[in-house]
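Have a look at the structure below before the remarks.
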There are 2 protein chains.
Amino acid sequence: MDIPSGDTARKRISESTIHRLSRYFRTLSLLEKENFETVSSKELAKREKLTPAQVRKDLSFFGSFGTRGLGYPVAELKAKVSRILGIDRIWRVALVGVGNIGSAMVSYKEFIKQGFHIVKLFDNDQRKIGSNHKGIIVSDIKNLRTELQDDRIEMVIVAVPATVAQYIVDDIVKAEVKAILNFAPINLKVPSGVHVRNENMVMELEYLSFAMVNHHSPKGGGKA
Amino acid sequence: MDIPSGDTARKRISESTIHRLSRYFRTLSLLEKENFETVSSKELAKREKLTPAQVRKDLSFFGSFGTRGLGYPVAELKAKVSRILGIDRIWRVALVGVGNIGSAMVSYKEFIKQGFHIVKLFDNDQRKIGSNHKGIIVSDIKNLRTELQDDRIEMVIVAVPATVAQYIVDDIVKAEVKAILNFAPINLKVPSGVHVRNENMVMELEYLSFAMVNHHSPKGGGKA
DNA sequence: TGCTAATTGTGAAGCATTTCACATGAGTAT
DNA sequence: ATACTCATGTGAAATGCTTCACAATTAGCA
């Protein structure tokens, strides 16, 4: 399905393509540091263990960014990709559940580096409410909906036990937040228009387990 | 490509299928708790937001586990799936890098629940070496290779900065460990036969970012 | 025992993604 | 200028994954 929009008609872009764009972005940042002016699809592909055609096709969904005979201008392509991914800006993020994983996320530098700023924390534990984590005071989860709205939060990271995740997500949805990163091992129900990504580390270990007991050689060498 | 092996010829199984098996396993555990004797592909599909055909096809790669007209026996199918995934046993796991994320992983209950036992910790920080995390003494990373071998470690979780990840992985490979879960945002180089899965939380936020700025409706409602 | 309803297992069809292959355009050197 | 090289952008082919559709099989019941 094409999604007609604003000024251009957009094709449906596959999840794989979007993930590869993230990887291109990372590699382009590196190439920039290494003072490359331009990069060919061949070089980019080599670094990502992909085919050059794949790289070119991915980029071609969004425009023509290269020069025939030369390749792609690194700095410019990086800017374009960051624009496409919507990471040429700051996102206001809240985190619910200041437990093991939650605490780790608050201190996770890669988030801030990429413009994802965790600016609010929530928990239901009285001992945690009011405490200070990296300069942020933990709020009472009772006020989740109102505070998300008042603080114009755009994304929420959910790091609570599976048993309560759905209730919390219902509140998040009520607060009109449209993007959720979920660490609870559960299939969340959200209305259409709300985006959910699940981060499930157990599933990745299970994949490794499967690969080992089956002497499995995944095509392309596995998830990169 | 078919992979002929031991006594049966195995088809290449897609990454998606394996991930769905993980999800089936989770749901089957739930169904078992809810005292279901049998479950149909329709019910399973409903809970996972898939099509019944998808469920049946996934399972059919590994055998015929159902009864026509009835469905699948829950307990039995759960056992079969756990067997397929190789999680009908205990895996000995080590963790390198007892920082933010590493610490969270040590305390992460879902790992133990699924048979992934973290039994060794490594770090290069003198202040951490010798300290006790959940009953495990942190070892010096200098001894990584020998201790991995001596303790018959089968999987390693890498939670170190990107700058040193490759060196550590080289050591892990030398210790003949064949499975690595990598949290560093870098494309690791490993010889064939070594399985790597990358866990990249920034990429998931970037996907959400893309979805938001593009009013993107991913097919199937996004990653589940 | 025979009929009905339910649900699996699976080839084949339908889609989606990746790769191929080549025309096209840009830079370079003589 | 012209020729040569390099590398993009893109239809078309190839491959892979999902869904369809239906024969086959089982349970339940009269």
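As the structure is a computational prediction, the values presented were derived from the model and not from experiment. Values reported hereafter were calculated over all heavy atoms of this structure, with side chains retained and with hydrogens, waters and symmetry mates removed. Order of the sequence lines fixes the chain letters, A, B, ..., with proteins taken first and strands second; residue numbering starts at 1 for each chain.
- The side chain of Tyr72(B) contributes an N or O atom lying less than 4.0 Å from OP1 or OP2 of dG9(C).
- Counting only residues at least two apart or in different chains, side-chain hydrogen bond (donor to acceptor under 3.5 Å, both in side chains) contacts with residues 112-122 of chain A comprise Glu110(A)-Lys113(A), Lys120(A)-Glu147(A), Lys120(A)-Asp151(A).
- Atoms CD1 (Ile13(A)) and C1' (dT18(C)) sit 15 Å apart, rounded to a whole Å.
- Looking at Arg197(A) and Glu15(A), a side-chain N of the basic residue comes within less than 4.0 Å of a carboxylate O on the acidic one, giving a salt bridge.
- The CD1-P distance, from Ile18(B) to dT18(D), rounds to 12 Å in whole Å.
- A salt bridge does not link Glu154(A) with Arg92(A): none of the charged nitrogens is closer than 4.0 Å to a carboxylate oxygen.
- Atom-to-atom, CG of Leu50(A) to C1' of dT17(C) comes out at 13 Å; the value is rounded to the nearest Å.
- Scored by the ring-ring contact (aromatic ring centres under 6.0 Å, His included) test, Phe111(A) finds Tyr108(A) as partners (sequence neighbours excluded).
- The side-chain contact (heavy atoms from CB on, under 4.5 Å) test applied to Ser16(A) returns Ser14(A), Arg20(A), not counting sequence neighbours.
- Under the side-chain hydrogen bond (donor to acceptor under 3.5 Å, both in side chains) criterion, the residue pairs touching residues 67-78 of chain B are Glu32(B)-Lys78(B), with sequence neighbours excluded.
- Rounded to whole Å, the distance from CD on Gln54(B) to C1' on dT8(C) is 16 Å.
- Ion pair Asp171(B)/Arg145(B) not flagged as a salt bridge, since none of the NZ, NE, NH1 or NH2 atoms sits closer than 4.0 Å to an Asp/Glu carboxylate oxygen.
- Here dA7(D) presents its P atom at 13 Å from NZ of Lys46(A), a figure rounded to the nearest Å.
- Using a 4.0 Å cutoff on non-hydrogen atoms, the parts of residues 55-63 of chain A near DNA chain C are Arg56(A), Lys57(A), ordered by number.
- Spacing between atom CD of Glu15(A) and atom P of dA16(C) amounts to 15 Å, rounded to whole angstrom units.
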- Item | Summary of protein contacts for nucleotides 23-30 of chain D, nucleotide by nucleotide, where a base hit scores B, a sugar-phosphate-only hit scores S (4.0 Å, heavy atoms) | BBBB----

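- Evaluation of the side-chain contact (heavy atoms from CB on, under 4.5 Å) rule for Ser107(A) yields Lys134(A), Asn100(B) as partners, not counting sequence neighbours.
- The two residues Ala159(B) and Phe183(B) come nearest to each other via the heavy atoms CA-CB, 4.3 Å.
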Using the 3.5 Å cut-off, write out each protein N or O paired with an N or O of nucleotides 1-3 of chain C and the distance between them.
none

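- Less than 4.0 Å separates DNA chain D from at least one heavy atom of each of the following residues of residues 33-43 of chain A: Ser40(A), Ser41(A).
- With sequence neighbours excluded, no residue forms a salt bridge (charged side-chain N to carboxylate O under 4.0 Å, His left out) with Lys46(A).
- For the side-chain hydrogen bond (donor to acceptor under 3.5 Å, both in side chains) condition, the pairs that include at least one residue of residues 159-169 of chain B, sequence neighbours left out, are Gln166(B)-Asp170(B).
- Annotation: cation-pi pair Arg47(A)/Phe36(A) present, NZ/CZ under 6.0 Å from the ring centroid and within 45° of its normal.
- Atom C1' of nucleotide dC17(D) and atom NE2 of His19(B) are separated by 16 Å, given to the nearest angstrom.
- Here Ser22(B) pairs with Met203(A), Glu206(A), Leu85(B) under the side-chain contact (heavy atoms from CB on, under 4.5 Å) rule; sequence neighbours left out.
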